[in-house]
Participant: 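I have a structure I would like to understand better, so I am pasting it below and will then ask my questions one at a time.
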There are 2 protein chains.
Amino acid sequence: MPSVKRDFGVVPQATRPGPQCDDCEIREISVCRSMSPPDLARLQAIISTTHVAAGQPITHEGEPAESLFNVVSGAVKLYKLLPDGRRQITGFLFPGDFLGIALNDTYVYTAEALTPVRLCRFPRRRLEALLREIPNLEHELLNEVATELVAAQDQMLLLGRKTARERVASFLLMLDRGTKRTNRPPNILDLPMSRGDIADYLGLTTETVSRTFTQLRKAGVIALTHRGEVEILDRAGLEAESEGG
Amino acid sequence: MPSVKRDFGVVPQATRPGPQCDDCEIREISVCRSMSPPDLARLQAIISTTHVAAGQPITHEGEPAESLFNVVSGAVKLYKLLPDGRRQITGFLFPGDFLGIALNDTYVYTAEALTPVRLCRFPRRRLEALLREIPNLEHELLNEVATELVAAQDQMLLLGRKTARERVASFLLMLDRGTKRTNRPPNILDLPMSRGDIADYLGLTTETVSRTFTQLRKAGVIALTHRGEVEILDRAGLEAESEGG
DNA sequence: CGACACCTTGACCAACGTCAAATCCGGTGG
DNA sequence: CCACCGGATTTGACGTTGGTCAAGGTGTCG
């Protein structure tokens, strides 16, 4: 297999105008879901499509937020850093997820592509103008952000109160719920992120994540397939593990 | 000092109609901030005022969300529980804060009064109807929820990556920023919550929180006054402590 | 004055982190 | 086809932070 993956995004942020919302594969699972045809046309007028190569940044914490994005394909990680380099990943994004919540027009986290990523880009100023004209769009965004907030609160419970084993089990179940939207074989999870990324998401270390995977494997709850995938062998068992059952 | 505090809320959820938004002391710091007079009148038509006694629940995780609230006075804690009783406090609310984010019309956390609390109550159905008619209100709510999301992400960084000392220092600074909106003497923080509450907010135990307060006091960064208050003696020092300086 | 809840302090312990080495695996080049 | 290289992952030995258990202290309220 030659370097197809790499070529996919050799020009980070390379932008093409003129995508067609009608053909969009994430239309039904994204914020554009309930737009009327005329509203959708206005939205389509301001968007463009962007490719970002694996490992490349998309937004940078602290920089002015000039664009918002919808993830069309690929996977993205969001993180915050402490001055000494400690890192907390606040979320992973998959197709249909919205990216670019900002405060005072400044990105509050860094977003980085885990795989080659295709994005639908909204210039912030123009999107904000549209928000005023299309209340329905603002409504969808409110739903989106509220859902993210609920997820963030679940993550606080995980980070503040769960054991390493419960965290890893919860993580796998969360990933599984997330990929329900795609057409993958059930119970097989692709992990586009490294052990280190998982550790920084769960408030653990690479070693502890690795050891915990091993424990869950030996307990017969999951299996680790050749190419970095995880198979859920015992969903009920995993669910019990995730809350201290 | 007799039991004034207790009497204040002996009838939890006792509701009176007919409050006057014009006189509202939190008008300028709440979601009603930018409403036009006619819009405000429509909002006022659906609200009522509620008192809740200290220690009483306001919403309960998992129950149908029939009302949303604005905190007018007092302090509130929000928390989630694991089946075995482990608790994570996801936030503290103060005057001007909005309460009642729900998913599928179900509360995702329990809210409990820390002190006697006055609330401005919005019936959910009627508020949702108003949202459709007053885009500006939806816009304010979106801002509110986005701000909460940003705070939640900071808290994830705290829970996932900070030491006990950094957590407590960050907590005090956060409280201080929050009370900027009120007219309290600078550098004196009232702590309406117990050490146990602080622990459940910071992902620690009561003992560790207590020990860490003692450490910070001995380091000359804070002082603990007689009546459960904290004085910030060295703000720069506290800020350094909060990020591993 | 006494009960009780909350807070503080102390001694000990365990879960997870740190440091280090072995192993796996894809990619590369002979 | 096979030997080798480098990064990611796994595993092991050991250390540390913060948790657990338990005993005092302190303030409040009846």
Participant: Is the phosphate of dC7(C) approached by Ser210(B) (side-chain N or O, under 4.0 Å from OP1 or OP2)?
Facilitator: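 Checking Ser210(B) against dC7(C): no side-chain N or O falls below 4.0 Å of OP1 or OP2.
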
Participant: Provide, to the nearest angstrom, the distance between the CZ atom belonging to Arg227(B) and the P atom belonging to dC6(C).
Facilitator: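 Computing the Arg227(B):CZ to dC6(C):P distance gives 13 Å.
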
Participant: Which whole-number value in Å describes the distance from Leu202(A) CG to dC16(C) C1'?
Facilitator: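 Rounded to whole Å, this separation is 13 Å.
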
Participant: In whole Å, what is the span from the CZ atom of Arg86(B) to the C1' atom of dA15(C)?
Facilitator: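 For the pair Arg86(B) CZ and dA15(C) C1', the rounded distance is 13 Å.
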
Participant: Quickly work out the Arg87(B) CZ to dG19(D) C1' distance and round it to whole Å.
Facilitator: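 In whole Å, dG19(D) C1' lies 17 Å from Arg87(B) CZ.
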
Participant: In terms of side-chain heavy atoms, does Lys162(A) have a donor or acceptor partner in Ser170(A) at a distance below 3.5 Å?
Facilitator: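 Yes.
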
Participant: Please tabulate, for the side chains in residues 214-224 of chain A, all donor-acceptor contacts under 3.5 angstrom to protein atoms that are two or more places apart in sequence or on a different chain.
Facilitator:
| unit_1 | atom_1 | unit_2 | atom_2 | d |
| --- | --- | --- | --- | --- |
| Thr214(A) | OG1 | Ser210(A) | O | 3.1 |
| Gln215(A) | OE1 | Arg165(A) | NH1 | 3.2 |

Participant: Which residues pass the salt bridge (Lys or Arg N to Asp or Glu O under 4.0 Å) test with Glu25(B), sequence neighbours left out?
Facilitator: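 Glu25(B) satisfies salt bridge (Lys or Arg N to Asp or Glu O under 4.0 Å) with Arg118(B) only.
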
Participant: Heavy atoms within less than 4.0 Å of DNA chain D: which residues of residues 191-198 of chain A have one? Give them sorted by number.
Facilitator: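 Residues of residues 191-198 of chain A that come under 4.0 Å of DNA chain D are, in numerical order, Ser194(A), Arg195(A).
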
Participant: Extract all donor-acceptor atom pairs below 3.5 Å that involve side chains of residues 187-195 of chain A and protein atoms in other chains or at least two apart in sequence.
Facilitator:
| unit_1 | atom_1 | unit_2 | atom_2 | d |
| --- | --- | --- | --- | --- |
| Asn187(A) | OD1 | Arg235(A) | NH2 | 2.2 |
| Ser194(A) | OG | Gly196(A) | N | 3.3 |
| Ser194(A) | OG | Asp197(A) | N | 3.1 |

Participant: Would the distance check show the side chain of Gln155(B) and the main-chain N or O of Thr90(B) forming a donor-acceptor pair, the cut-off being under 3.5 Å?
Facilitator: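 Pair absent, no side-chain N/O of Gln155(B) close to backbone of Thr90(B).
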
Participant: What residues, two or more places apart in sequence or in another chain, satisfy side chain to side chain donor-acceptor pair (under 3.5 Å) together with Glu231(A)?
Facilitator: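 Here no residue qualifies.
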
Participant: I need the Gln153(A) CD to Leu149(B) CG distance, nearest 0.5 Å.
Facilitator: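 Between Gln153(A) CD and Leu149(B) CG, I get 9.5 Å after rounding to 0.5 Å.
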
Participant: Closest approach to the side chain of Thr205(B), judged atom by atom: which nucleotide of dT8(C), dT10(D), dG19(D) is it?
Facilitator: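 Shortest atom-to-atom distance from the side chain points to dG19(D).
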
Participant: Can you pull out the residues from residues 158-171 of chain A that lie within a 4.0 Å heavy-atom distance of DNA chain C?
Facilitator: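 Contacts with DNA chain C under 4.0 Å: Thr163(A), Ala164(A).
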
Participant: Roughly, in whole Å, what's the span from CG in Leu204(B) to P in dT20(D)?
Facilitator: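 Rounding to the nearest Å, CG of Leu204(B) and P of dT20(D) are 11 Å apart.
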
Participant: Could you run down the sub-3.5 Å N/O contacts of the protein with nucleotides 12-15 of chain D?
Facilitator:
| unit_1 | atom_1 | unit_2 | atom_2 | d |
| --- | --- | --- | --- | --- |
| dG12(D) | N7 | Arg211(A) | NH1 | 2.9 |
| dG12(D) | O6 | Arg211(A) | NH2 | 3.4 |

Participant: Atom CD of Gln215(A) and atom P of dC16(C): how far apart are they, to the nearest Å?
Facilitator: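 So the two atoms are 9 Å apart, to the nearest Å.
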
Participant: Name all residues meeting the ring pair (Phe, Tyr, Trp, His ring centres under 6.0 Å) criterion together with Tyr79(A); count only those two or more places apart in sequence or in a different chain, and write none if there are none.
Facilitator: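 Counting only residues at least two positions away or on another chain, Tyr79(A) forms no ring pair (Phe, Tyr, Trp, His ring centres under 6.0 Å).
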
Participant: Side-chain polar contacts of residues 94-104 of chain A - donor-acceptor pairs under 3.5 angstrom, sequence neighbours left out - could you list them?
Facilitator:
| unit_1 | atom_1 | unit_2 | atom_2 | d |
| --- | --- | --- | --- | --- |
| Asp97(A) | OD1 | Arg181(A) | NH2 | 3.1 |
| Asp97(A) | OD2 | Phe94(A) | N | 2.7 |

Participant: If you measure from CG on Leu158(B) to CD on Glu243(B), what distance do you get to the nearest 0.5 Å?
Facilitator: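 These two atoms lie 10.5 Å from each other.
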
Participant: Taking only side-chain nitrogens and oxygens of Thr208(A), does any of them come within less than 4.0 Å of OP1 or OP2 of dA15(C)?
Facilitator: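 It does not, given that no N or O in the side chain of Thr208(A) lies less than 4.0 Å from OP1 or OP2 of dA15(C).
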
Participant: To the nearest Å, give me how far apart CD (Glu229(A)) and P (dG26(C)) are.
Facilitator: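 Result: 12 Å.
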
Participant: Could you check whether Phe122(A) and Phe69(A) have their ring centres less than 6.0 Å apart?
Facilitator: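 Ring centroids of Phe69(A) and Phe122(A) are no less than 6.0 Å from each other.
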
Participant: Residues in side chain to side chain donor-acceptor pair (under 3.5 Å) with Ser67(A), at least two apart?
Facilitator: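 For Ser67(A), the residues satisfying side chain to side chain donor-acceptor pair (under 3.5 Å) (neighbours in sequence not counted) are Arg121(A).
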
Participant: Once you build an axis from the first five pairs and another from the last five of the helix from dC1(C)-dG30(D) to dG30(C)-dC1(D), how far apart in angle are they, to 10 degrees?
Facilitator: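 Nearest ten degrees gives 30° for this helix.
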
Participant: Which nucleotide in the list dT10(D), dT8(C), dT11(D) gets nearest to the side chain of Leu224(A)?
Facilitator: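 The nucleotide sitting nearest to the side chain is dT10(D).
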
Participant: When we call it a touch if two heavy atoms are under 4.0 Å apart, what does Gly203(B) touch: a base, just sugar-phosphate, or nothing?
Facilitator: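 Sugar-phosphate, no base atom in range.
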
Participant: What residues form a ring pair (Phe, Tyr, Trp, His ring centres under 6.0 Å) with Tyr109(A), not counting sequence neighbours?
Facilitator: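 None.
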
Participant: If you measure from the Lys or Arg side-chain nitrogens to the Asp or Glu carboxylate oxygens, is any gap between Arg161(B) and Asp200(A) under 4.0 Å?
Facilitator: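 Counted as a salt bridge, because a side-chain N and a carboxylate O are separated by less than 4.0 Å.
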
Participant: Atom CG of Asp200(A) and atom P of dG17(C): how far apart are they, to the nearest Å?
Facilitator: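 Going from CG in Asp200(A) over to P in dG17(C) covers 11 Å.
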
